[in-house]
There are 2 protein chains.
Amino acid sequence: MIDYDSFNKISSYLTENGVALLVAEDFEGRRDPTVRFFTNHPGDALAFFATGPEPSILLVPWDINVANQYVKHDEGIDIKIVPYTDFERNPYKALKGAIEILHIQPGSRIEIPPTTSYPSFLRYVDAFPDYDILCREDGSFSILQQRRAVKLYSEVTIYRKAAAITNEVIDALEQEIRNNKFETEADVALFIERQARLRGCEGTGFETLVAGPTRSFGIHAFPAYTGAAFTGPGLSIIDFGLKYEGYTTDVTITVARGPLNRTQERMLTLVEKAYHLAVSMVKYKAATKDVAEAVDKFFEKAKKKMPHALGHGIGLEAHEAPVIRNRSDNDWIFKNGMVFTLEPGLYDPVHGGCRLENDFILVEDDLEQLTNARIIRIDE
Amino acid sequence: MIDYDSFNKISSYLTENGVALLVAEDFEGRRDPTVRFFTNHPGDALAFFATGPEPSILLVPWDINVANQYVKHDEGIDIKIVPYTDFERNPYKALKGAIEILHIQPGSRIEIPPTTSYPSFLRYVDAFPDYDILCREDGSFSILQQRRAVKLYSEVTIYRKAAAITNEVIDALEQEIRNNKFETEADVALFIERQARLRGCEGTGFETLVAGPTRSFGIHAFPAYTGAAFTGPGLSIIDFGLKYEGYTTDVTITVARGPLNRTQERMLTLVEKAYHLAVSMVKYKAATKDVAEAVDKFFEKAKKKMPHALGHGIGLEAHEAPVIRNRSDNDWIFKNGMVFTLEPGLYDPVHGGCRLENDFILVEDDLEQLTNARIIRIDE
């Protein structure tokens, strides 16, 4: 979605900081939702945001036909579109074009993404000696990241719809599982893919992970799903997200099919307890690190170790701000409007893995659970 | 696969260039097959390659269980494995650990990936004042890229198998299409996904694109596939790749269902002619730019424009060296052992799109077609 209020705020921020032009890139291997956030164009494009008295955008899409279909022009932001082929699909030539088209004066500051490689940064500096090229992590992109971590009303509306569809799919999945409809991991994953598309989603937010009892020991099983059996006793993991109007959910179901051994039962109990501990601790203004640390310590007491973060923000990307992990450099605080996962898990090379992951939003200081993933116990 | 001959060559190159340690990163948003190339670990890891009289590798995987399953130890390279959690999932702490574990002497040169961001490069330089940090596009990673562009016998063997499976799936697809088995784009895409897994592939090499007649105008349709009809007259595009032991194929089928109008017929004819022109021009030592330029000029004469490159190398990544496009900075030459796509296409917002893409290998100066994608014409 395009958010004009944010556009104006960012535009003001840039003006105040003396940045005349912001460059965003969204290509394979270097995805950046900034482009979609401001233009609704879904990917493979450069976008140039010019500030000043009349902010405007130059979108340089790889595919002009897709851009003409998706870009929204109708609410007061001037979005010009020039196909990337006009600049020989060369980012430096595109920037040169943007400087001309958007009338960026020599001596101005131009901010490029903080992910720009060191050699590429040097080329920008070389190619534009009359401009001040900024490449920094604490600049405009950090402001955009912080802004995107706190969802607006319009984004929350999309999330409620995305979560409702996700919950329908979770219910349908449980029914199929209990009726023994799935033989292989591929059956499960393709059921989810089909449900996503038929229910109007753009797709899945990331490659669906389905790991039957012999493969659930991996945090993210490799391959993501196979022709291996999904049936049989033990622990299985299903991790998926549905992408709706650009925004993705992210949930994990563990299927615990009996008979389980004591180690497996204990892993399930510990993960459930860790999950409830995390849910009880998330509060407005709490530090995300404190919650993650409490869960790590809970597992440590049980002589277990969780090999990944407790959770993460979700949005136009499957992993975005806030970070929810126990690392000294993490200073994120829970704020109203944040949408994020909590996903404690334990993994054992012999006994398999279990993870319980749901999506939450903090609203008026209260934690609200958006999705209904669960541990599905089947006694056999 | 792990290639020990390459390992030794790279190791010698590094030693000759005074590089004591090479750092590779393979994480979400920053994929680098170097890690898999040398360790067989399929992803989410840091890897440190130490040169000197006894080259050795430190692999730092996010998921120790997956690493223990995949890493191959048995052919003379010492691969140590330390889980990323031991370094608090922090790349700088991991490098500090690697320097200790691999005994890298102060004053040595350490090469980090050329994709390292400018801010991150500065942090490396700050954090390791006793070492010479190199971040360059014409260094070890360029050598690795050139090496990976020319496949070894063992890699070609994998490719022949991957192509054989791909051709089986193409044949099965054509049969299903001619028997009108597919109603929606999702039906087609999920058929391919299922076939991939059931035939022992790791999955698809990229998100399968299926665009029915109303959506084929996009080079890469967005969303990649939907619940929209795949049936009906006009042009449809199916673009997919199968990933086998890490290596991906990449093919595109156009389904042309009659009655077609004159514009659509002309587009098909032009794309077929362009395809044959390209095939006829690829030769040992030919410049890839010359072939791409000839195709661009052919389309120009017909007052059409192809909005993308003519082709690209394939391998552990869906897009890798060589580049096959008409851009002044492209100086790639066709060499024996290169595996690549040729994929001319035309796209019209009203009449739809068509593309024909196959995978080729240059063997003993001759071009050999590995895959059998085609334009499937159906008269109705």
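Residue numbering restarts at 1 for every chain, and letters A, B, ... go by the order of the sequence lines.
With a 4.5 angstrom heavy-atom cutoff, B:Asn326 does not touch chain A via any of its atoms. The parts of B:Asn90 that come within reach of chain A are both its backbone and its side chain, each placing non-hydrogen atoms under 4.5 angstrom from that chain. Heavy atoms closer than 4.5 Å to chain A are found in both the backbone and the side chain of B:Arg194. There is no contact between B:Glu185 and chain A, counting heavy-atom distances below 4.5 Å. Heavy-atom distances place the side chain of B:Phe121, and not its backbone, under 4.5 Å from chain A. Interface residue B:Glu28: only side-chain heavy atoms are found under 4.5 Å from chain A. Proximity to chain B is limited to the side chain of A:Gln69, based on heavy atoms less than 4.5 angstrom apart.
The side chain to side chain donor-acceptor pair (under 3.5 Å) search around A:Lys243 returns none, not counting sequence neighbours. Looking at residues two or more places apart in sequence or on another chain, you find no side chain to side chain donor-acceptor pair (under 3.5 Å) involving B:Ser117.
Aromatic ring pairs are classed by plane angle as parallel below 30°, tilted from 30° to 60° and perpendicular above 60°; the pair A:His308 and B:Trp62 is tilted.
The candidate from B:Ala228, B:Ala67, B:Ala309, B:Pro113 with the greatest count of non-hydrogen atom pairs under 4.5 Å with chain A is B:Ala309.
The environment of B:Glu168 atom CD is dense: over 12 non-hydrogen atoms of other residues, nucleotides or ligands sit within 6.0 angstrom.
Using a distance-only test at 3.5 Å, with no hydrogens or angles considered, a donor-acceptor pair links the side chain of A:Tyr70 to the main chain of B:Phe222.
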